[in-house]
Protein chains: 2
Amino acid sequence: MIDKRDHIINKAIELFAVKGFEGTSIRDLAAAADVNVAMVNYYFGTKEKLFDALIERKAVTSRGSLEELVKDKTLSGIEKIDRIIDIYVERLFTHRQFHRVIQQELITDRRETLTQSIVQAVFPNAIAIRTIIETAIKNNEFKKIDVQLTIATLIGTINQVLLSQKYCLKLLEKGPDYIPYDDPKFKKRVIDHIRQLMRDHLLKK
Amino acid sequence: MIDKRDHIINKAIELFAVKGFEGTSIRDLAAAADVNVAMVNYYFGTKEKLFDALIERKAVTSRGSLEELVKDKTLSGIEKIDRIIDIYVERLFTHRQFHRVIQQELITDRRETLTQSIVQAVFPNAIAIRTIIETAIKNNEFKKIDVQLTIATLIGTINQVLLSQKYCLKLLEKGPDYIPYDDPKFKKRVIDHIRQLMRDHLLKK
DNA sequence: ATTAATTAATTAAACGCTTGTTTAATTCAA
DNA sequence: TTGAATTAAACAAGCGTTTAATTAATTAAT
């Protein structure tokens, strides 16, 4: 075992993703992580601070790489959008449990400060996408569409597929044993769909 | 006061929508509804049965009217899609608190049976949309696109805007006092965006 | 290198509080 | 007078957290 704090955080993500923050007790977590109940408070102080640490810890690892894309001069607007879709789907599928935890917090809005810090952490991505689209509109490559809601569509489509597994399976007409998020074919299918959608919506005909 | 059960259910939706199911105590609810704590259990038995009753009660009222649209012979495919977007946005914006409660339950997947019953209740809408799109594809009105994921985009866009208010406000560059869901201009904006998006994606050029 | 001192990690137990729920007594309505 | 509605109080269980004692690991001194 490398770092016990990380070990606890990882187990917390697993449990929070399934049962939610309030739905997961410290005793549940301690049992799952195979540590004494008091260790959680020993390392993190309180349950809420554990959550903060969890956000802090994992938000850092999944940041970056979109800003460079914005500056890139060699790619066209639609090529950049394609790359963004790649990165986004790949990232959110890989860290989908962490993503669920974050989105649950965003939706329930349990604590003002935490929600704000999540928004702060996630929002630069939206800014990057906006810049790319607006630049391409000025360059006459893209149509003049509703940029903000187009971003909502981009992210909303992925969220719709990722957040509610039961509904997703029903939509795909698959049995309860099929886990689409582990299926690279499905990942490709999502990428292809959003790419086509954005081409249709953004590019001039 | 007409019916005390309904009164409690309505208050429960308000509180669950903001603080979530686990985050709302029966004492909180009793205080908000201005009834004795024991009344909740008296009327509903347990907290979980209250939730079941809540779903049952409100799911019925928001059903119907999409099936007729499917059968309609006078409207074209894209006209039907336009109508669906109208109905959906209108319905979800109006009952957005109840919608939040349902979506939270879908995401957290707290109880197998309840999640399934929600899926059962919500899914006919997806079926209706699918039928309309598939028919229009056969009629050569629509392109051959990924029907299932297109539905995910349709619903996902609305959810993205509805579920996380803080993120939505940030995206729209509005202050914390602005409540977009009460603004008819914003509702129209969402409808216009999704309509344009679906036209671009579905119609042949 | 070994021992002593100091700090960190771990534990079981308990604390106080909140939770959902039930009881038993009382009020109200038919 | 009978049954439903309402109440304050109590219940047991679970919660997050703290305590105090013990073990492990690290550092300092001999």
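To find a chain, count down the sequence lines: A is the first, B the second, and so on, and within it residues start at 1. This is a predicted model, so every value here is computed, not measured.
In this entry the distance linking CG of A:Asp28 with C1' of D:dA13 reads 14 Å, nearest Å. At whole-Å resolution of the value, OH in A:Tyr43 and P in C:dA8 are 12 Å apart. Distance B:Phe21 CZ to C:dG20 C1': 10 Å, rounded to the nearest Å. Atoms CE (A:Met39) and C1' (D:dG16) sit 16 Å apart, rounded to a whole Å. Whole-Å rounding puts the A:Asp34 CG to C:dT11 C1' distance at 13 Å. A straight line from CD of B:Glu22 to P of D:dG14 spans 15 Å, rounded to a whole angstrom. Between the NZ atom of B:Lys4 and the P atom of D:dT7 there is a distance of 6 Å, given to the nearest Å. Whole-Å rounding puts the A:Ile26 CD1 to D:dA13 P distance at 21 Å.
Residue B:Thr46 places none of its side-chain N or O atoms closer than 4.0 Å to OP1 or OP2 of C:dG20. Of the side-chain N and O atoms in B:Tyr42, none sit less than 4.0 angstrom from OP1 or OP2 of D:dT6. The side chain of B:Asn36 places an N or O atom within less than 4.0 Å of a non-bridging phosphate oxygen (OP1 or OP2) of D:dA8. Side-chain nitrogen and oxygen atoms of A:Asn41 include at least one within less than 4.0 Å of the OP1 or OP2 phosphate oxygen of D:dT17.
Contact between B:Pro176 and B:Leu169 at its shortest, heavy atoms only, is CA-CD1, 3.9 Å.
Counted by atom type alone, A:Gln196 and A:Asp200 present one or more donor-acceptor pairs between their side chains at under 3.5 Å. For the residue pair A:Arg189 and B:Gln148, a side-chain donor N or O sits within less than 3.5 Å of a side-chain acceptor on the partner. Under 3.5 Å, the side chains of B:Thr94 and B:Glu90 contain a donor-acceptor pair of N or O atoms.
Contact annotation: side chain of A:Arg27 to base of D:dG14, donor-acceptor pair absent below 3.5 Å.
Proximity of A:His193 to A:Thr157: side-chain heavy atoms (C-beta onward) are separated by under 4.5 Å at one or more points.
When the nucleotides C:dG20, C:dA9, D:dG16 are ranked by their closest atom to the side chain of B:Ser25, C:dG20 comes out on top. For B:Ala38, the side-chain atoms get nearest to C:dT23 when compared with the rest of D:dT6, C:dA9, C:dT23.
Among the protein residues, B:Phe44 comes within range of no part of the nucleic acid, since none of its heavy atoms lies under 4.0 Å from any strand.
Using the Watson-Crick or G-U wobble rule with both distances under 3.5 Å, D:dA29 pairs with C:dT2.
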